[in-house]
Amino acid sequence: MNSGKILVCGAGGFIGGHLVADLLKQGHKDVRAVDLKPFAEWYQRFPEVEHLQLDLQDKAACEQATRGARIVYNLAADMGGMGFIENNRALCMLSVLINTHLLMAAKKYAVQRFFYASSACVYAADKQTSPEVVALKESDAYPAMPEDGYGWEKLFSERMCRHFREDFGITTRVARFHNVYGPHGTYDGGREKAPAAVCRKVIQAKLSGKHEIEIWGDGHQTRSFMYIDDCLNGMEAILASEILTPINLGSNELVTINGLVDMVEAIAGLKLKRTYNLKAPKGVNGRNSDNTLIKKHLGWEPGTRLRDGMEKTYRWIHDEMTQRR
Ligand code: NAD
């Protein structure tokens with residue numbers, strides 16, 4: 001795993017940017033970072049890395065990106081939190097072109113290992129109707145009824161990875177990420193997810209002196225959130241493993257959205273008046289990650305408590321927002 005070119009697709013984004021940083025920290029010298037966004041909008045960039053701005057929905061761009069790479073991480077997708085994916089289903093589904101063309105390029109250039117970032121949104125909606133969740137096992141993805149748009153694209157792309165492995169011998173590995181959060185990610189603009197959105201709203205209230213917060217849904221929805229450092233070491237372990245089927249990569253520390261707001265209020269040192277927007281996109285009622293398989297096969301468990309990860313995330317978003325002001 002330690003020599004040869006590593007391609008990170010979606011490197012201008014949240015997880016991709018952290019992955020590039022982590023690879024450099026581990027001593028990898030030959031990293032190619034690709035994203036659709038103009039360089040100025042990437043969350044993290046490093047002078048020693050080759051940067052390319054390419055639209056990976058395009059087949060020729062995928063070939064340009066993949067040529068000479070030994071390992072490919074596909075973290076590129078048109079995505080965001082519930083507010084984005086519930087209102088942009090076609091755009092989410094078009095990410096199928098990215099993974100398909102990357103797999104074709106990986107076959108053409110005989111890539112050695114290919115990582116695909118799937119999502120907990122592949123899980124059947126009828127398994128997530130109650131806040132008193134039973135954690136989702138990998139087998140719960142079938143019979144299939146995933147999140148419309150985004151979840152179907154992820155499920156289809158998982159299958160593409162499987163069939164490219166079975167039919168063409170490409171070593172593909174797939175992780176189903178459950179809500180990842182941390183610094184250097186989206187916190188406004190409509191694509192942000194709950195942890196970053198709650199931090200932003202609490203900071204806005206603190207800075208403006210208007211001590212109110214709007215919460216999407218009734219606040220009783222339950223979720224688990226995985227800190228970025230845990231995600232990175234889990235990804236690495238899955239890519240190096242012999243696990244052939246998609247596997248959960250997530251935290252199993254369950255929290256309600258109200259509980260998450262309590263936590264951020266405590267970090268900020270203030271209490272806000274809450275209003276609940278029941279019309280806003282709120283996703284499923286309850287979701288948690290069953291980590292039995294990953295613990296058994298890789299001994300992996302998330303090491304970061306939600307409160308600790310949220311402190312770091314809050315601090316980063318606070319600095320960004322105060323600098324902007
Ligand atoms: P992100 O939006 O921060 O990063 C994705 C990056 O992909 C963006 O920088 C975007 O510009 C890039 N991209 C989109 N279309 C592209 C294209 N056509 N060509 C090249 N680049 C393109 O998202 P993230 O949180 O870093 O997520 C990374 C991956 O993990 C995605 O596949 C996402 O679906 C998956 N995932 C993330 C989470 C999470 O909680 N963050 C949860 C489940 C799955």
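Values below: every heavy atom of this structure, side chains too, minus hydrogens, waters and symmetry copies. As the structure lists them, so they are numbered: ligands from 1, and atoms in each ligand from 1.
The salt bridge (charged side-chain N to carboxylate O under 4.0 Å, His left out) contacts involving residues 9-19 comprise nothing, where partners must be two or more places apart or lie in separate chains.
In the model, Y123 has a side-chain atom that pairs as donor or acceptor with a side-chain atom of N248 under 3.5 Å.
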With a cut-off of 3.5 Å and sequence neighbours excluded, list every side-chain donor-acceptor pair involving residues 89-106.
unit_1	atom_1	unit_2	atom_2	d
S95	OG	D78	N	2.9
S95	OG	C92	O	3.4
N99	OD1	N74	ND2	2.9
T100	OG1	V96	O	2.6
H101	ND1	Q57	O	2.8
H101	ND1	L97	O	3.2

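Within 4.0 Å of ligand 1, protein heavy atoms belong to G10, G12, G13, F14, I15, D35, L36, K37, L54, D55, L56, Q57, L75, A76, A77, D78, M79, I98, A117, S118, S119, Y150, K154, F177, N179, V180, K193, listed by chain and number.
Shown here are the side chain to side chain donor-acceptor pair (under 3.5 Å) partners of T313, two or more places apart in sequence or in another chain: there are none.
Around NZ of K107, the count of heavy atoms belonging to other residues, nucleotides or ligands within 6.0 Å does not exceed 12.
Using a cut-off of 4.0 Å between Lys/Arg side-chain N and Asp/Glu carboxylate O, D188 and R324 are scored as salt-bridged.
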